[in-house]
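Just so it is clear, the model here is predicted, and its values are computed rather than measured. If you read the sequence from its start, that first residue is 1, and numbering goes on from there. Read the numbers this way: they start at 1 and go in the same order the structure lists the ligands and their atoms.
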Amino acid sequence: MLHLDQIPFPEVERLARSEKALVILPVGVVEEHGAHLPLGLDSFAAEVYGESAAPHLEESGYEVVIAPTIGYGVARAAIDFPGTLSLEPETLKSLVADIGRSLARHGLNRLVILNGHRDLGHMKALDDARAILVEEKVSQVLCVGFTVDPALTAACYREGVRELSRSARPDREGHGGEWETSLALHAFPGTVKREIIDQLEPNFDYDVDAFQRETKDYGTLTGGRGYFGSPQSASAETGGKIVEIRGRNIARVILNAWGPPEKRQERG
Ligand SMILES: [Zn+2]
């Protein structure tokens, strides 16, 4: 696994010639995740899952290149919380399409957009960028992580994870709750305000439909708390398992869609 911003240009020439390069572009956002978690959580999550998926893809013959993370996204539901920043969907779409075109110009034309942030406008913008690149015949592009396709999102993030829950209401865990807190405790513990987690009352009693459809903002839905579920059910151990499972899930989704690199020509 290589990080694009850490290699010199001849290495990119070599990767392009190998025809085995697969670029993962992690995408996140700057958004509140409760008083205990950092604003950049979804960006960090996308990076962690990308790095966890990479070895599985390399076992199948790919050379994985991680592109610098897009740390900004569309975040309308939480926009009233201090620090939450939002792009217009058009901006995100153009940004991703521009990056895809630039990568392809240098022969890196297999692109996986790995998104760590659930927001309908954000996910749609990423899918629109994918469609543009495919339409222009610039790249093979796949959206994974949180995507416009709920079945694909579940295959990446939910499969094998729910049974790890220690929450009283696993069905009510979401943004800033058990999963994201566990991930943070495992993968970027220095950013977590551990001392306040035990004081955070579980938030199980919210309007799930409004959360999923984004018809109400996070402030209203959480009574100003900013998280859904129970952060106190989280553990670093659970976080480690989540990273392993989701990395494997994401690699499987990619391999199901594309197969190993040798098959590329035959598949067209
Ligand atoms: Zn999140």
Side-chain angles (χ1 to χ4, degrees), residues 25-52 69-87 92 113-126 143-148 150 152-154 156-158 161-162 164-165 167 170 172-189 191-193 197 200 202-203 206 208 210-214 216-219 221-222 224-234 236 238-239 242-243 245-247 249-250:
L25 174 62
V27 182
V29 72
V30 181
E31 182 186 62
E32 74 78 23
H33 275 79
H36 58 304
L37 294 174
L39 295 161
L41 190 137
D42 292 347
S43 305
F44 308 154
E47 290 169 358
V48 168
Y49 296 146
E51 291 184 357
S52 172
T69 304
I70 298 181
Y72 296 86
V74 182
R76 290 173 175 164
I79 196 65
D80 291 331
F81 282 84
T84 297
L85 310 178
S86 186
L87 302 178
L92 179 63
I113 300 167
L114 199 178
N115 174 37
H117 169 51
R118 187 192 176 279
D119 172 291
L120 299 177
H122 179 93
M123 298 186 299
K124 166 92 168 38
L126 296 177
C143 290
V144 301
F146 285 114
T147 72
V148 292
L152 198 143
T153 301
C156 292
Y157 282 163
R158 204 188 306 147
V161 167
R162 197 185 255 196
L164 301 176
S165 183
S167 169
R172 290 298 166 96
E173 293 299 331
H175 179 86
E178 181 181 17
W179 305 127
E180 290 190 315
T181 306
S182 293
L183 170 70
L185 286 169
H186 166 75
F188 29 93
T191 64
V192 181
K193 302 277 180 219
I197 290 180
L200 302 173
N203 176 23
Y206 60 89
V208 175
F211 171 71
Q212 282 169 353
R213 292 167 187 262
E214 296 174 12
K216 288 182 192 159
D217 68 278
Y218 284 4
L221 281 168
T222 66
R225 290 177 283 189
Y227 59 87
F228 298 79
S230 56
Q232 52 283 107
S233 302
T238 303
I242 290 173
V243 170
I245 292 168
R246 289 184 173 168
N249 286 352
I250 288 166

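Ring geometry for Phe228 against Tyr218 counts as perpendicular: the plane angle is over 60°, on a 0 to 90° scale with 30° as the lower cut.
Nearest N/O/S atom of Asp42 with respect to the Zn ion (ligand 1) is recorded as OD1.
For Glu31, every N, O or S atom stays at 2.8 Å or more from the Zn ion (ligand 1).
Applying the salt bridge (Lys or Arg N to Asp or Glu O under 4.0 Å) rule to pairs touching residues 72-85 yields Arg76-Glu88, sequence neighbours excluded.
Electrostatic pairing of Arg118 and Glu214 counts as a salt bridge here, judged by a charged N lying under 4.0 Å from a carboxylate O.
Of all heavy-atom pairs spanning Glu32 and Thr84, the tightest one is N-OG1, 3.0 Å.
Angle NE2(His33) to the Zn ion (ligand 1) to OE2(Glu180): 120° [nearest 10 degrees].
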